[in-house]
Amino acid sequence: MKVSPSLLSANFANLLPELEMINRSNADYLHLDVMDGVFVSNISFGFPVMKAVSKVCTKPLDVHLMIVEPDKWISQVRDLGAEIMNVHQEACPHLHSVVQRIHNAGMKAGVTINPATPVATLVDIVEDVDLILIMSVNPGFGGQPFIEHSVKKVRELRALIDSTDSHALIEVDGGVNDRTGALLAEAGADILVAGSYVFGAENPEAAIDSLAVL
């Protein structure tokens, strides 16, 4: 299992030790949740913070834009050196075009769906993306309880991917810990995003390891 710790749950008063921990750890990515207060009812951090983080973090950046009109920021995300740019299906009326532009910028394209968005809405895009992110909480705030129905959605998405020519990875974000992570791994998830479970742990590196072995 690949692990993408979410910076949203880190100590923003002292980020450097948190980033150094991520660099030492067995994490595969660093997940950056960008919120605009419009698409979701919270504001997180913007490009000045991400630029500073990118200069320290040695892990690939997994940038998740919870914002309206994410396509306006493709070049800025590329300039961070991000490996993955993840946009919400619900925020992109011309999703196929956005995916193409992300690829043309040299990044992997991810598409996210909210808890109430059915997997079936991905049928016409699943073969064009590198990653699909299932939100297992309502986006906007960290520390929410896991929505158990998300396990069924991962199974549905795995079946859809396996029945097509898609090579998309399945990522899940929200309420991930060792218990829910095990359920998601069994259902077919490839990448787990974990915020509070990692950064709130007494031993964050051990928490990352507990997910990586699933």
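Given the structure is predicted, the values throughout are model-derived calculations rather than measurements. Side-chain atoms are counted along with the backbone in the values below, which use heavy atoms only and exclude waters and symmetry mates.
The nearest pair of heavy atoms linking Ile208 to Ala27 is CG2-N, 3.7 Å. Nearest heavy atoms, Ile161 versus Ala168: CD1-O, 3.5 Å. Across all non-hydrogen atoms, the minimal contact from Ser150 to Ile147 is OG-O, 2.7 Å. The two residues Val154 and Ala189 come nearest to each other via the heavy atoms CG1-N, 3.7 Å. Closest approach of Val38 to Val68, counting heavy atoms only: CG1-CG1, 3.8 Å. Leu214 and Gly181 get closest at one heavy-atom pair: CD1-C, 3.4 Å.
The distance from the CZ atom of Phe45 to the CG atom of Leu15 is 9.0 Å, given to the nearest 0.5 Å. Interatomic distance, OG of Ser136 versus CG of Leu183, reported as 11.0 Å (0.5 Å rounding). Residue Leu95 holds its CG atom at 10.5 Å from CD of Gln100, rounded to the nearest 0.5 Å. Between atom NZ of residue Lys59 and atom CG of residue Leu61 there is a gap of 12.0 Å, rounded to the nearest 0.5 Å. Here CG of Asp173 is found 8.5 Å from OG of Ser4. Values are rounded to the nearest 0.5 Å. In this structure, the separation between CH2 on Trp73 and CD1 on Ile67 is 7.0 Å, given to the nearest 0.5 Å.
With hydrogens and angles disregarded, no donor-acceptor distance shorter than 3.5 Å links the side chain of Thr164 to the backbone of Glu127. A donor-acceptor contact shorter than 3.5 Å links the side chain of Asn42 to the backbone of Gly140. A donor-acceptor distance shorter than 3.5 angstrom exists from the side chain of Asn23 to the backbone of Val56, with no hydrogens or angles considered. The closest donor-acceptor contact from the side chain of Asp128 to the backbone of His96 lies at 3.5 Å or more, if one exists at all. Looking at Ser210, its side chain never comes within 3.5 Å of a backbone N or O of Asp178 through a donor-acceptor pair. No donor-acceptor distance shorter than 3.5 angstrom exists from the side chain of Lys51 to the backbone of Leu80, with no hydrogens or angles considered. At distances below 3.5 Å, at least one donor-acceptor pair connects side-chain atoms of Glu18 with backbone N or O atoms of Asn11. Put simply, the side chain of Ser97 never gets that close to the backbone of His94: no donor and acceptor are under 3.5 Å apart. Looking only at distances, a side-chain donor or acceptor of Asp130 sits under 3.5 Å from a matching main-chain atom of Ala109. Checked by atom type and distance alone, the side chain of Ser166 pairs as donor or acceptor with a backbone atom of Val126 at under 3.5 Å.
By the 4.0 Å N-to-carboxylate-O rule, Arg101 lies close enough to Asp71 to be salt-bridged with it. With salt bridges taken as basic N to acidic carboxylate O contacts below 4.0 Å, one links Arg179 and Glu148. A salt bridge between Lys72 and Glu69 is present, with a side-chain N of the basic residue lying under 4.0 Å from a carboxylate O of the acidic one. Ion pairing between Glu171 and Lys2 fails under the 4.0 Å rule for side-chain N and carboxylate O.
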Is there a side-chain contact (heavy atoms from CB on, under 4.5 Å) between Phe146 and Val137 once you walk through the steps?
-> CA-CA 6 Å; Phe146 181 77; Val137 299; 5.6 Å; no

side-chain contact (heavy atoms from CB on, under 4.5 Å) evaluation trace for Leu160 with Val123 | CA-CA 8 Å; Leu160 174 61; Val123 168; 4.2 Å; yes

Show your reasoning for whether side-chain contact (heavy atoms from CB on, under 4.5 Å) applies to Leu19 and Leu7.
-> CA-CA 9 Å; Leu19 293 171; Leu7 190 71; 4.0 Å; yes

Would you please test Val176 and Tyr197 for side-chain contact (heavy atoms from CB on, under 4.5 Å) and show each step?
-> CA-CA 7 Å; Val176 170; Tyr197 179 69; 5.7 Å; no

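No side-chain donor from either of Asp62 and His64 sits under 3.5 Å from a side-chain acceptor of the other. A donor and an acceptor atom, one from each side chain of Glu90 and Thr117, are located under 3.5 Å apart. Side chain to side chain, Gln89 and Thr112 fail the donor-acceptor criterion of an N or O pair below 3.5 Å.
Within the 4.5 Å cutoff, no side-chain heavy atoms of Asn26 are placed close to those of Val3. Inter-residue side-chain proximity for Val63 and Asp33 is flagged as unmet; no heavy-atom pair is nearer than 4.5 Å. Looking at heavy atoms from C-beta onward, Leu157 lies out of side-chain contact with Lys152 at the 4.5 angstrom threshold. Side-chain contact between Arg24 and Glu205 is present, with at least one heavy-atom pair separated by less than 4.5 Å. Using a 4.5 Å heavy-atom cutoff, the side chains of Ile132 and Ile125 are not in contact. Under the 4.5 Å side-chain criterion, counting only non-hydrogen atoms from C-beta, Val34 is not in contact with Phe47. Using a 4.5 Å cut-off on side-chain heavy atoms (C-beta onward), Val193 and Val172 make no contact. In this structure, Ile102 and Val77 have side chains that are not in contact, with every pair of non-hydrogen atoms separated by 4.5 Å or more.
The local environment of CG in Asn14 is crowded, with over 12 non-hydrogen atoms from other residues, nucleotides or ligands closer than 6.0 Å.
Under the 4.5 Å side-chain contact rule for hydrophobic residues, Val198 and Val213 do not share a cluster. Connection of Leu32 to Leu16 is established within a shared hydrophobic cluster, with ILVMFWY side chains joined at heavy-atom distances below 4.5 Å, either directly or through further cluster members. By the criterion of side-chain heavy atoms lying less than 4.5 angstrom apart, applied directly or through intervening Ile, Leu, Val, Met, Phe, Trp or Tyr residues, Ile43 is not grouped with Val49; the two fall into different hydrophobic clusters.
Exactly one residue among Leu65, Asp36, Asn86 makes a side-chain contact (heavy atoms from CB on, under 4.5 Å) with Pro70. That residue is Leu65.
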